[in-house]
Structures are given as C-alpha cells and as structure tokens.
Amino acid sequence: MRTLPEPFAGWFAARGWTPRPHQLALLEAAGRGEHVLLLAPTGGGKTLAGFLPSLVDLAAAPREGLHTLYVSPLKALAVDIARNLTLPVEQMGLPIRIETRTGDTPVNRRARQRERPPQMLLTTPESLTLLLSLPDAPEMFAGLAAIIVDEAHALAGTKRGDQLALCMARLGTLAPGARRVGLSATVAHPGPLRAWLSPTARPEDVRLVETKGGAAPVFDLQLPEGRLPWGGHMGLASAPEILARIEGARVTIVFVNTRAQAELVFAALWRLNEAALPIGMHHGSLEIGLRRKVEAAMAEGRLRAVVATASLDLGIDWGDVDQVIQVGAPKGVSRLLQRVGRANHRMDEPSRAVLVPANRFEVVECVAATEAVEAGELDGEPPRPGGLDVLAQHVLAMACSAPFLPDALYAEVTRAGPYAALSRRDFDDVVRFVEDGGYALQAYERFRKLFRDAEGMLHVRDARIARQLRMNLGTIVETPMLKVRLKGGGVVGEVEEWFVSTLEAGDCFLFGGQVLRYERLEPAAVIVSRGGEGEPRVPVYAGARMPLTTHLAARVRAILSDPRRWEHLPEPVREWLRLQRLRSELPPRDGLLVETFPRGGKWFLVAYTFEGRLAHQTLGMLVTKRMERRGLGPLGYVGTDYVFTAWSAFEPTDIEDLFAEDILGDEMEEWLAESSMLRRTFRNVATIAGLIEKNHPGQEKSGRQMTMNSDLVYDVLRRHQPDHILLRATRAEAAQGLTDVARIAALLARVKGRIRHRVLDRVSPLAVPALIEEGREWVAGGAEDALLAEAAALVDEATDGAEHFAEVLAEVTEQVPVRGTSVAREKRRSKWRRAAPRMVTG
C-alpha cells in the first residue's frame with residue numbers, strides 16, 4: 001500500500017490523523033492510472049480521498065492549466081467543497097488554485113477561467129455541458145488528468161446523469177488519459193454504477209474500492225405530545241417537540257420532504273421560538289443570495305438550526321451539526337442514510353437522527369426504515385437507458401463546439417454507459433431531428449440547426465443557434481417560475497406561475513419565512529409587500545413529493561401483516577392496527593386487501609397497495625376507467641403513498657376484474673390517448689431536446705406560450721410523423737417514469753389470485769386517513785366545517801364512538817388549505833395576525 005509523501009504526511013500527523021485505507025487505495029490506483037468507484041460511509045473522508053491523488057500529483061509537479069475536474073449534483077456542494085479544500089491547500093502552501101463554475105459564477109470570473117483555468121475546477125453537469133459546447137473546449141480540457149464525480153448515485157439513472165455521462169464521453173476523447181473517480185456512500189447497485197462511470201461502459205474497467213464499517217446511526221422516534229394524527233403529511237403537530245430537540249443540541253438540520261412543508265415547519269417553529277434561537281431555511285426556490293447566507297451562517301456556527309429540503313441532502317460537511325431531524329417519513333432507506341450522514345459527519349462516531357412521522361402510516365414507515373438500516377439493506381433502482389432528448393441536446397452542443405462526423409460521434413456516445421446499447425437508427429434519427437427537425441418539421445426554417453458539408457461533416461448553422469442552446473442548456477424542466485420581488489426591494493425567490501394565477505390583489509402567502517402580500521403581476525415577476533391581513537396560503541410545487549421506494553413499501557406491508565412485528569410501534573398505532581383486525585383484517589404481505597363500504601350516499605373502495613403516490617395516481621386513472629366501463633359511476637379517486645381510494649355511485653363488485661393485469665392494456669391506451677399526460681411529457685422532452693425554448697435572447701417565454709407551442713408541434717407530429725424520435729422518446733418516458741407503470745405491473749402480478757375483498761357496513765380504522773385525504777380534494781368555498789364534521793364522524797365510526805373530535809379538528813384545521821369563511825378558519829386566522837419573523841440569515 002502506498003504511503004503519503006510530504007507535506008501531506010506531516011499535515012495528517014499535525015492533526016492526529018492517520019490516512020484511512022481507502023484514501024491510500026485511491027492514491028495507489030491513481031499511480032496505476034485506474035478508474036475507481038469508492039463506496040465509503042459518510043464521514044470516512046471520501047472527498048479528500050478523491051482529491052488526494054491530484055493534490056499529491058500537483059505538489060510533486062506543479063503546472064498551469066486544468067488538472068482536475070470535480071462534478072457535483074448540487075451547486076451548494078461544489079461551493080462547500082471548494083471552501084473545505086482551500087484550507088489544507090493553503091496550510092500546506094501548495095501552488096494550487098481552486099475555483100467553482102456554476103450558474104451563479106459571475107461573468108468576469110467565467111471569462112477568466114477560460115483564459116487561465118484553475119488547476120482544480122468544481123462544477124455541475126449543466127455548467128460542464130456549456131464549457132464543452134465552446135469552441136475552445138479542446139484547449140481547455142486537453143491536459144485534464146482526473147474527473148471526480150461526487151454523490152455518483154444521485155446522478156446515475158437521471159437525465160442529469162445521462163448528460164454527465166455524455167460529457168465524460170467527450171472528455172474521454174479530448175483527454176483520453178484522464179482518470180475517473182466516483183464517490184458515493186449509499187449504493188444498492190454498484191455494478192451498474194461502475195458501468196455508468198466507466199470510459200468503456202464496462203463495469204470491469206472501473207475498480208471498486210468499498211469500505212465497510214463505521215458507527216451505526218442512532219435513531220429516535222418523536223411523536224407529538226397528547227395525540228397522534230390520523231392523516232396529513234406536514235408534521236406540524238410535533239413543532240413543540242422539534243423545537244425542544246433543537247434547544248437541546250448544538251446545531252440541527254431539520255429535513256423535510258417538500259418546499260411547502262419547509263415553509264410551514266419553519267413558520268411553526270418561529271411561532272414557538274420565544275428564545276429567538278437563530279434558525280434558517282434552505283430550499284431550491286429561495287433566491288441564491290439568501291441560500292448562500294444560510295450556508296455561510298451554518299459553516300460559521302451562527303445558526304442553531306436550518307429547515308431544509310433535498311437542497312442540502314448531499315455531502316455538505318458542517319462539522320458542528322450533531323443532530324438531524326427528519327420531519328415526515330423518509331420514503332427510502334438510502335435517502336434516510338444520506339440525510340442522517342449530515343450529523344457528526346465522522347465515520348467512527350454515530351450519526352444521530354430523530355424521525356418525526358406526520359401520521360400513523362408514517363410511524364410504520366419510519367420503523368420499517370430504521371429496521372432496514374439495522375439490517376444493512378439499501379434501496380434504489382439501477383440506472384435506466386439514456387434519454388433521447390438529452391442526447392439531442394448533447395449533439396447540438398457538440399456541433400456548437402466543432403463540426404463532427406456522425407460515425408465518430410456515434411462511437412463516442414456509445415462509450416457512455418447509459419447509451420451503450422443505443423441503436424444506430426435511434427442515433428441517426430436524433431441527429432436528423434437536430435439537423436432539420438425531421439420529416440414533418442423540415443419545412444420550418446426555425447427547426448434547421450445543422451448543415452452538412454461535402455464531406456458529410458455536420459456544422460452548426462450560425463452563432464444564433466449556439467447562443468440559444470447555451471441559454472436553454474440543462475435537463476431540469478420545472479413548471480414555469482416567476483420571481484418574487486419585494487415592492488421597492490430585491491428578489492427573495494421564485495414561485496410557480498400556476499400558483500400566482502390563483503392569487504388576487506391583497507392575498508397573502510408564506511414564503512421565505514415571511515408573510516407576503518400579493519400586490520400585482522409584472523412580466524416575469526410577482527410584486528409583493530411584507531405583512532398583510534388574512535390567512536396566508538403556502539405555495540405548493542409540482543413534482544415535489546418523494547415517491548415511496550419499492551423496498552421500503554415491502555417492509556411496511558410485512559410489518560402491518562404480522563402482529564409479532566408490532567413491538568417497536570407506539571401504543572396508539574398498535575391499538576389502531578388491533579382495531580383494524582377487529583373491524584376488517586390486516587393488509588397481507590404479498591396479497592391485496594380491498595375494502596368497500598357505503599358512506600354519504602356513495603360507495604367507497606379502499607385498496608391497500610403501498611406503491612407510492614405517483615403509482616397510485618396512475619392506478620386510480622386505470623381502475624376508475626374500468627369502473628366507468630362497467631357502469632359503476634366512478635365519481636373520483638385519490639392516492640396517498642400507502643392506499644388508493646375511489647368513490648362511485650354504485651357498489652363495486654368483481655374486484656378481481658378491477659385489478660386484473662389487463663387494465664394495463666385497453667384502459668392504459670385509452671387513458672393515454674385521452675389524457676393530457678402525454679402532452680405534458682412531450683413538452684418536457686421537447687424542451688430538453690431543444691425544440692421548445694425556455695429562454696430566448698431578450699425575452700423569456702411564459703408557461704402558456706411554451707404549452708401552446710408544444711401542443712401545436714405535438715399535433716403536427718402525431719398527424720404527419722407518428723414515429724418521430726421525440727414521440728418515441730415521449731412514449732418511452734411516460735411508460736418508464738411519470739406513470740410508474742412498472743410498479744403497477746409488478747403489483748398486479750403479485751396480487752393475482754390473492755385479493756381479499758371485505759364488504760363493510762362502515763369505514764375501517766385504516767381507511768380513515770384516506771377518507772380525510774379525499775375530503776381535502778373537494779373542500780372549497782365554505783365547505784370546511786363540513787369537512788371537520790365528516791372527519792370527526794369517520795374517527796367516531798372507526799373507533800366505536802371514541803372522543804376524537806378535538807384531535808381531528810386540530811389536524812384538519814392545521815393542514816387543509818381552504819378559502820371561504822368558517823368559525824374554524826377564523827380561529828386559525830388569528831394565529832397568523834402576527835407576521836412570522838423573517839428568516840434568520842446572520
């Protein structure tokens with residue numbers, strides 16, 4: 001095993017450190033020119049292990065020019081790593097410049113980096129694509145010696161991962177000697193991840209260095225004092241307990257699952273924060289300056305806590321963080337471990353986490369997740385084939401850098417793991433689309449982006465095409481956003497366009513820890529003022545809900561079905577399950593329990609499917625479509641992460657037929673043809689592929705303009721070229737991801753012949769949360785009082801008249817966003833008369 005040279009050995013010794021075996025293993029692998037995937041527990045020094053060979057190399061042979069490229073999935077992580085890496089470089093006096101290059105980097109610094117690149121550049125997939133699209137990319141990357149990909153598991157299998165894999169394939173052409181290093185802590189499928197990282201798309205060409213051990217994390221389950229909610233997923237009932245936990249620790253990260261939940265939890269903590277503890281908030285819709293202030297305040301120890309979404313999931317190393325609180329169920333074992341690893345961030349000391357379930361089902365999920373962690377089980381899906389829309393963007397980016405021959409680019413692209421099996425037909429169709437739009441669109445000048453010379457080389461048509469590409473780079477297609485601008489002040493963040501369309505002048509909403517009053521709408525900006533009267537609403541962001549993983553769902557079913565496994569569940573949950581067994585039966589581990597019962601002049605069907613909210617939404621469309629065919633008069637449906645509920649005019653019968661595997665046939669085709677889902681998917685695919693522009697020089701398109709444009713093109717292609725490459729990509733994506741068809745297919749196959757149908761005369765205990773959720777779907781105007789009475793009656797029925805009205809009243813008034821007037825709303829409004837304090841950012 002190779003040893004550390006000076007001054008590194010002295011630097012380690014001065015801190016009382018001994019190099020870990022995996023750090024020396026990466027140093028040895030670099031000496032052999034090997035590509036490596038390092039899997040090591042959080043706090044094991046993975047990042048230093050990745051950079052150590054480059055630091056040693058540059059210390060021994062200083063040189064100018066780009067030596068090491070570090071790619072992170074998060075801009076915040078790149079900034080954090082740069083800050084942490086600069087300190088030892090300065091302490092050892094190494095002649096190494098370290099800089100970041102992200103969308104937030106000032107223009108003058110970007111220009112300087114092209115003229116005089118730093119030895120180490122820390123960037124993101126989007127910024128790397130832009131650099132590779134520049135004509136001087138070959139000169140900038142010619143001397144590249146190492147590519148480090150941090151949190152590799154968070155990229156592989158995503159469109160951003162496809163983009164990065166294609167970029168690495170291009171770097172393999174520009175700098176064939178560059179080593180590749182992947183860093184990750186939580187990986188369920190190391191083989192496919194090695195293939196994704198490999199310069200040949202073969203896993204055997206990437207050495208696996210795996211470090212076992214590390215102190216096991218310590219979990220606590222925190223329930224609210226006095227009551228445990230039946231439904232809801234915000235966890236606000238536990239705000240007093242969360243604040244007490246914050247007061248008892250040095251520094252805490254409070255993780256939540258959505259941006260709306262971040263706003264609500266932050267506001268709830270501030271209302272209780274009589275000691276004025278400095279607490280911040282961090283999520284992706286906040287203005288970058290606010291996020292940077294929070295990050296700096298945490299790094300400098302000026303905050304006691306930060307409420308954060310997935311924007312701080314990955315790799316941020318704040319050494320003083322001694323506690324992580326997860327509000328809401330974790331939705332996945334690997335995701336939980338990733339978040340828990342932010343506490344203590346030392347391999348040999350246990351990370352401490354507090355799980356705060358928002359309802360009774362989430363209690364079971366939290367227990368299932370901690371059991372899986374103890375058993376050393378990880379979850380996650382292996383990477384899927386690369387997206388053709390991402391490939392189209394990459395083809396144009398490469399043409400913007402330099403002309404190319406299709407044969408050469410095809411050979412390069414198929415060296416990228418996600419595209420190793422790409423057919424030549426699909427590649428040629430993608431190139432043809434980029435060239436002139438394809439057969440159906442070639443008559444339109446604006447779709448012509450490339451031309452061929454006499455030798456078959458493809459060139460970009462003009463500089464305007466290159467400018468448009470660089471303004472629209474990236475694979476993250478969000479719902480159109482509008483800036484939130486303070487009247488007479490600066491920007492505080494962004495909200496989705498659809499949310500603003502529901503506001504009227506004078507309406508209030510909660511954002512960035514403040515109550516803001518909507519004043520007016522200007523082009524690309526919402527003008528607001530601070531404070532205001534009335535109950536504030538909370539912006540909800542599309543696609544923000546995390547799906548329950550298949551692995552964790554199976555564990556939840558296993559716990560529910562076996563009373564012998566209830567010992568770790570709190571007594572209110574055990575009582576709930578005992579009541580369920582008495583009134584109906586428990587959901588089986590490998591089968592399916594379906595309950596039907598009458599209520600309020602309707603028939604309800606509740607299926608305990610446990611396949612996640614996204615899959616249940618699609619399943620609901622398919623099952624109600626079949627119910628409609630059979631004349632059952634379906635009136636609606638709703639899906640939580642745990643159950644699917646439909647209600648109809650007539651009693652559902654022949655349940656086996658409603659959940660037969662063939663609903664993925666005719667019903668699926670009929671639904672896809674009628675629904676707007678394919679149009680939405682096409683819009684995303686077309687945007688990534690460059691057919692629809694998000695931004696244009698001198699203007700920014702509205703969501704309505706983009707939708708109209710994409711709908712027009714979609715109709716043209718369906719009519720004149722139904723096998724167009726973008727339509728093929730759209731259908732593949734709809735089947736793969738948005739509809740979770742694979743999970744539904746697995747569910748229907750698993751339960752075939754194992755469906756238990758219970759016809760009840762009233763709601764069962766396990767069905768209560770689903771019906772409370774159903775109430776949220778239709779509440780509007782002055783219907784809130786009816787919802788409260790209905791929810792209380794549900795609990796009364798399920799528990800034989802137990803006194804739970806106050807409990808239901810509290811959780812529904814706390815978590816149901818409504819408009820209109822009612823006594824309950826007036827009570828709730830009074831809590832907001834005092835504007836929430838602004839976010840503490842130091």
Quiz item: Counting only heavy atoms not in Glu571, do more than 12 sit closer than 6.0 Å to its CD atom?
Solution: yes

Quiz item: Would you find a donor on one side and an acceptor on the other, under 3.5 Å apart, between the side chain of Glu365 and the backbone of Val556?
Solution: no

Quiz item: Between Arg259, Gln261, Glu263, which is the residue that forms a side chain to side chain donor-acceptor pair (under 3.5 Å) with His283?
Solution: Glu263

Quiz item: Is the side chain of Asn359 donor-acceptor paired with the backbone N or O of Pro229 at a distance under 3.5 Å, no angle test?
Solution: no

Self-check item: Trp196 to Leu164 - nearest heavy-atom pair and separation
Solution: CH2-CD2, 3.8 Å

Practice problem: Indicate the atoms forming the closest heavy-atom contact of Leu221 with Pro357, along with that distance. | Solution: CD1-CD, 3.8 Å

Quiz item: Taking the side chain from Arg335 and the backbone from Pro330, do they hold a donor-acceptor pair closer than 3.5 Å?
Solution: yes

Self-check item: Audit row: Glu733, Arg384, salt bridge (charged side-chain N to carboxylate O under 4.0 Å, His left out) steps and yes/no
Solution: CA-CA 11 Å; Glu733 181 160 317; Arg384 48 150 187 74; over 6 Å; no

Quiz item: If you take all heavy atoms of Ile744 and Ala615, which pair is closest and at what distance?
Solution: CD1-O, 3.5 Å

Quiz item: Is there a donor-acceptor pair closer than 3.5 Å between any side-chain N or O of His616 and the backbone N or O of Glu611?
Solution: yes

Quiz prompt | Arg360 side-chain N/O to Leu228 backbone N/O, donor-acceptor pair under 3.5 Å | solution = yes

Quiz item: Any luck finding a side-chain donor-acceptor pair between Arg245 and Gln323 under 3.5 Å?
Solution: no

Quiz prompt | Exam field: side chain His282 to backbone Ala308, donor-acceptor pair closer than 3.5 Å | solution = no

Exercise. Return yes when atom CZ of Arg589 has more than 12 non-hydrogen atoms of other residues, nucleotides or ligands closer than 6.0 Å, and no otherwise.
Key: no

Self-check item: Electrostatic pair Glu247:Arg304 at N-O distance under 4.0 angstrom
Solution: no

Practice problem: Would you please test Asp507 and Phe509 for side-chain contact (heavy atoms from CB on, under 4.5 Å) and show each step? | Solution: CA-CA 7 Å; Asp507 285 351; Phe509 63 97; over 6 Å; no

Quiz prompt | Aromatic ring pairing Phe361/Tyr608, orientation class (parallel under 30°, perpendicular over 60°, tilted between) | solution = tilted

